[in-house]
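Remember, it's a predicted structure, so these values are computed and weren't measured experimentally. Order of the sequence lines fixes the chain letters, A, B, ..., with proteins taken first and strands second; residue numbering starts at 1 for each chain.
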Amino acid sequence: MLIAVLPARSARRPHFGGTLRVDVGAAVNSLDSAVAASDPAEAAAEAQIESLLYDHSGGASSQSAPGAFRLSAWEPGKRVALAANEDYRGGRPFVDSIEIATARSPRDRLLDLELGKADVAEIPPDQTRRATDGGVRVSVSRPDELLALVFSAASAAAQDAAIRRSIASSMDRVSMVSVIFQKTGEPASSLLPQWSSGTAFLFSPPGESAGPQSSAAASPSTSASSMQEPQPQIASSPALVLGYDSADILEQSVAERIVVIARESGIAIAARPFPPSQQSSPAAAPIGFDGRLVRWTMPSPHPREALAGFLASFPDLAAAAQVLPAGLPASASPQDVYELQRKLLSDSRIIPLVWLPQVYGLSSRVRDWSAPAPGEGWPLADVWLAGDAQ
Amino acid sequence: MTFRAKLFWVFSLAMVLSVGLVAAGVIVVTRRAFAGLNTAHSDALVAQFQREFGRRGQEVVDRVKAIAEDEGTTKMAIDLSRPQGDVSIYAYDARGVSQSHQLDVLDFVSADGSIISSAESPNHYNVKMDWVTQPEDWAARGYFLMRIDTESSGPELALLAVSTVRVGDKDLYVVGGQRLGKEFLASLVLPAGMRAFLYLNLDPAYQSLDLLDAKGPAPEADRLQSVVEGDLRQPSGPATRFLWTPDAASAEEFYSLPLTGRQGELLGILLVGNSQREAVLLERHIVYLALIVVGIGLLVGAILSWWAAARVTRPVTQLAQGAREVAAGNWSTHVNVRGGGEIRELAGAFNQMTQQLIEQRERLIQAERVAAWRELARRLAHELKNPLFPLQTTVENLQRAREQTPEQFDEVFRESTAILLSEIENLKAIVGRFSDFAKMPQPELAALNLNDTVRGVIKLFEAQFSAVGRPPITSELHLDEELPAIQADATLLNRAIENLVLNAMDAMPAGGVLMLRTSHKNGIVSLEVSDTGAGLTPEECERVFTPYYTTKQHGTGLGLAIVQSVISDHGGRITVESETGVGTSFHIDLPIQPPHRALVFPIVFEKKLEA
């Protein structure tokens, strides 16, 4: 989905040549597929680059088939240079080479786009409005990344289902989407998005809809502000500790918002970043944390496969719901997927918050870019650059 | 205690009291001066705090007003006044605006009281801030103190101001302010020895982290809990004195300034600590100096007191010495007192008195001498007149016999010459007795047992006690057999005891009991001679030892005078006790070893009183 209006094209026919400059936020320290990066963002970036170097479309036998590009240079943690594979079985890509700058901060990526130093760059969802205001073309995928609050099965404080349900019912997802994510994203109440499962609206709490929210729909909280008149004091010792990735500004904002909302509901929650040594493993909350914010990206647009991937990513939730991580048969119907979601969400051990899309900023010379679907790599082999004739 | 010692202590006590009062006065005045200085310093700091508070408050008011009048704020107000106004695009504007206007706190609040954007709590969007929308003239209100809660810093105090932007019939509220914390304390210029704490009254009970100094939470917070709690109970109470250590120099006085909110609630307390170290050390120094001065003063005062006492009492001492000498018999004592005043007059009066005493004594002696001569003349005349009358008669008989009866003259002559010789012999005896009394020999001392002497005298007179023709006299001896020997003249002492026995016999013409008792005590040997005669009158007792005084028909009046002379020559004394109708008792005390020079003791008359 390309939401920005593309500038007037001087030529509609693709042509070859040019170097595509890509900015990514994660560092790329390994290109060995057998060595999985501990950082999910780094692993995702490495997977994207691997999809350019190798062609998996042929099934298992094509594991080692060359991809559309070849590795021409690599400075771990800084840049990766790819060159067009003339012998690619899918046909030579349009661009001659790709320069991927890694470990670029969101601010640098946006600046690179605005200054014309990058052709493609990942943009955080909350920066979408700023990018468009700055004249940057923005490509927004379907929401495929779930931001959710997951309670730890090992936490004694989080064992009270009533408290978990109270927290779940107090969440103002619409406000989160409107303010924190600047309307880029959708309130989430299910484990699969509406566009994938078609049943997400059945999980929506009263007053919230699964679709995009307008600011006018965001109902103000009735709670008190930070500047309080003399009123009864809030409990000073929080019962629940919520962890988040300190490197993720959005997670921090969401966590702090949850604290505010929960406090107004009479539930004491404290938000703390994960210790540096444990930030890379948010799938299970470290000791001392009763819950954590997690980001889960759908591995597939297919609801059954996506849900299977969810179960594999969160075995503790599957165990708590007495569901086998690989227990979803291939013949599972949409009803089965719905029922399984319902079962996983029934005890509010996981509280879906927001569905986030993948947002890319594009320079004006990028042509034929299509936002990748869940599980798909960057469509860089199909992209051509306007004005770079062979 | 002597008069000089009394005067010395009186002078010293007066000086101690005077110096003590002056020292106490100096200390009290010094303490009051320091207390006044402390109060002035504290008042100045409180005034400075209030000025700084007002200045900062006005700054906040001005900055909030500037934000409200800013073009961006006006645009925001216009957008929000529309029915479908999008608040989300302003959600993070407050932080940037607050930074550009140097405000710690900034909130944009919509007309319904919902936070649109919050600088200090970005995630408080859509949260209600109802108190802003309550009817109040915020422009007139100016700045005020309020509690704020932020996710990052927790509860704090802030100096706030509210300004409104009206677009159409909707208001946009701009709430801004600055935190009141360590930065504010650090901006206060404190005099040496003073410091300021700010307690944020944000919790129901005292929290040590809420007590701030210029660097953050005060390290002394735990120890100052009692001070803060006392000020919370009585915010405008008197200064609290706090001892950090048992040493008084560690004391610090805390003055409190209550910080109230918009509705008068106690939100915090400014504690102004004023170290008492310098004051205490200075006061201690002054006290030490005062003590040294007092000590030196007392020493000098004692010396001066002693000198003054000696100067004042010297004439008195001389007078006392003179009085003692007069009492000892030296009536010619003369007191020489220099200077003037009452003491000199007293000395003059004393000297005049002694002079008068001497003159009076000489007149008395002269009178007694004249009286004695008269008595002697009377006695001589009396004694000589008795023999002279027979002599005259005999000589006249001789003359008459020669003229009238010459034949009988021879016989008359023989008888007359016999009478004349007898009377002449009698006159010689009288003259001899007087001569003997005049020539009393000095005693020749030798060891003597008084009991033996008493027994010898009694044995001599035993025959006379029971002589035919007179009533019997019974003698009783109560002799102390442990009586020590004394140094005495046996002949004189024997004569004295004989005289006493003879005197007793003369006192008992109708018979009676003569009792002699000896005893000894403390180097004195005593002899008591008692009779059961008619006794003496007090007047007779007074004169009984006077020479030539007698109460008997044929006495010479020399017996008891001789006894007293003998006893006196032995360093002893004799006293008489008598009761009319009961008897008379003479009591003699003799020293075992008489002094080299015999002293004459005054006669002591003791009269037994009946009933």
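- A distance-only check finds no donor-acceptor pair linking the side chain of A:Arg257 to the backbone of B:Pro122 [under 3.5 Å].
- At a 4.5 Å heavy-atom cutoff, the contact between A:Ile180 and chain B is made by backbone and side-chain atoms alike.
- Rounding to the nearest 0.5 Å places OG of A:Ser178 at 7.5 Å from CG of B:Asp86.
- Residue A:Ile261 holds its CD1 atom at 8.5 Å from CG of B:Asn123, rounded to the nearest 0.5 Å.
- Using a 4.5 Å cut-off between heavy atoms, B:Tyr90 does not touch chain A at all.
- The line from CG of B:Asn126 to CE of A:Met176 is 11.5 Å long, rounded to the nearest 0.5 Å.
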Report task. Show the numbers, then the answer: is there a side chain to side chain contact (heavy atoms under 4.5 Å, CB included) between A:Glu256 and B:Ser121? Result -> CA-CA 9 Å; A:Glu256 291 175 351; B:Ser121 299; over 6 Å; no
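- Contact between A:Gln182 and B:Tyr92 at its shortest, heavy atoms only, is NE2-CE1, 4.1 Å.
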